[in-house]
Asks: 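Below you'll find the structure I mean.
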Amino acid sequence: MTTPVFPPLRAAYEPEAFRATAHALMDQLADYLKAALAGGAMPVLPWAPPAVNQERFATAFPEEPAPEVSQAFAALMARVLEGSHHLHHPRYVGHQVTAPVPLAALCDAVSSLLNNGMAVYEMGPVATAMEHHVLAWMAAKLGLPSSTRGVLTSGGSAGNLTALLAARQAKAGYDAWNGGAHAGPPLTVLVPRSAHYCLARAVRIMGWGEGGLTPVDVDDHFRVRPDALEDALERATRAGRKAIAVVASAGSTATGAFDPLEPVADFAQKHGLWFHVDGAHGAAASLSPKYRAQVKGIERADSVVWDAHKGLLMPALVTAVLFRDGARSFDAFSQEAHYLFHGDGDDARPYSDVGLRTLECTKEMMPLKVYACLSVLGTRVFEEAVTASYDQARRFAGMLTAAPDFELALEPDCNIVCFRHTPAHVPPEGWDALQVRLREALVSRGSFYLVQTRLPRGVYLRTTLIHPLTGDADLESLLDTLRSAAARP
Ligand SMILES: *Cc1c(COP(=O)(O)O)cnc(C)c1O
């Protein structure tokens, strides 16, 4: 006797139907990719106000399957492709989100079908092995020692929190994990003013409040001022806080400026502080022989965060958190006291369950796409992508400097370039409003996608040259498009 199954439920698992739908989807995606890469008349972002999309996708989910599931699926995916933001359009120069290498998307389909959760080794035997190999490759690129271990987690924000939790366990002098944030003296972390906001969130999540973050001043280039570190430490001490860690950004978010890592490492060493590098955006510089020097000193970090979905052409999310002392990788979420693990730690449990070290319990097969792309495409592709994007940012900066009606905010350290349009017909007091208006005009027309940021001197347009196929001609055209938009009131 066969177990009765609701027929549409059985049909939803039918392999031949899946094959047909999948083949059709692959054709649809390849056609989409071709059109997006060609750019042309396709808008980068088919702009519509939120209420319009809300209305467009308003639906009463039906009780029964569509008459032709495969066709209904294709029709829905066509609407998704059409209405979404086209990151493969070469005129996408906005946030630090990549035009993913298409092969990686196929890995996500495999991951979703296999659904090997990875919290425990048995639930993801292949993915667990891949995760350790991917992390080892990244650690080696950064020059971290072979003792380095870590995890892949859901984004830089989760990654920085993970690193700071481990720092707390290592340096607080008491067991804050079990005893709570108030089981000992109040703690703080020294963080450059230009750092990503997720660090301010992380200290609040840990229950340290606003004073859990002690800001460190930056220079005109938005790089941390090493001579301001002692002052920040004194401020923290006067405020009754015990500093446990110092953070540096390898690529800050707003401007892409790299903090000088060596002097921060020296400072951390002198004061016995944990040294954490937020390399979410810029740790990938380590791949480029030409730009590796940007991250000199990263090999001295106690922990590093690196987003593969920023510098490694991967779709979101896949973030590495690396700990130079591999045993520390168990500290962030250790239910047991650290002394139980430390010393035997990973040596006693080599390549063990990744769930011991992550915020996530179940997680997707994050390493698969990184491992597969590195294996099949080779590492050179990724090195060249970094070098080429940083080179292009320098050429773009040159174009801006040469143009009398544009102002470069600062020489770029990586692939983030901030600038503003300063045409003679607009007085300086009108420049902030002009940048806002120009961005809105370009984005709403779909001709380019770029963002804006507020720097001390005012509002600037901000671009991340993260699409490997954006050409210099696209950037020339960006300036011309801004000029003509400014000329129109
Ligand atoms: C993007 C970014 C983050 C946040 O990473 P997500 O992956 O978006 O969570 C943190 N720090 C820096 C420097 C970043 O650029």
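Atoms within a ligand are numbered from 1 in the order they appear, just like the ligands themselves.
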Asks: Could you list each N/O atom of ligand 1 together with any protein N/O atom closer than 3.5 Å, one pair per line with the distance?
Replies:
| residue | atom | partner | partner atom | Å |
| --- | --- | --- | --- | --- |
| ligand 1 | 5 (O) | Gly156 | N | 3.3 |
| ligand 1 | 5 (O) | Asp307 | OD2 | 3.3 |
| ligand 1 | 5 (O) | Lys310 | NZ | 3.4 |
| ligand 1 | 7 (O) | Gly156 | N | 2.7 |
| ligand 1 | 7 (O) | Asp307 | OD2 | 2.8 |
| ligand 1 | 7 (O) | His309 | NE2 | 2.8 |
| ligand 1 | 9 (O) | Gly156 | N | 3.1 |
| ligand 1 | 9 (O) | Ser157 | N | 3.0 |
| ligand 1 | 9 (O) | Ser157 | OG | 3.0 |
| ligand 1 | 11 (N) | Asp278 | OD1 | 3.3 |
| ligand 1 | 11 (N) | Asp278 | OD2 | 2.6 |
| ligand 1 | 15 (O) | Gln96 | NE2 | 3.1 |
| ligand 1 | 15 (O) | Thr253 | OG1 | 3.1 |
| ligand 1 | 15 (O) | Lys310 | NZ | 3.0 |

Asks: Return the minimal non-hydrogen interatomic distance between Ile416 and Pro412, and the atom names on each side.
Replies: O-CB, 3.5 Å
Asks: Does one side chain, of Glu411 or His221, offer a donor that lies under 3.5 Å from an acceptor on the other?
Replies: no
Asks: Evaluate the ring planes of Tyr291 and Tyr390, with Trp represented by its six-membered ring, and classify them as parallel (under 30°), tilted (30 to 60°) or perpendicular (over 60°).
Replies: tilted
Asks: Measuring from atom OG1 of Thr319 to atom CE of Met314, what distance do you get when rounded to the nearest 0.5 angstrom?
Replies: 12.5 Å
Asks: Checking Arg324 against Phe275: charged group under 6.0 Å from the ring centre and within 45 degrees of the axis?
Replies: no
Asks: So His88 and Tyr32, ring pair (Phe, Tyr, Trp, His ring centres under 6.0 Å) or not? Walk me through it.
Replies: CA-CA 9 Å; His88 286 92; Tyr32 165 77; 7.0 Å; no
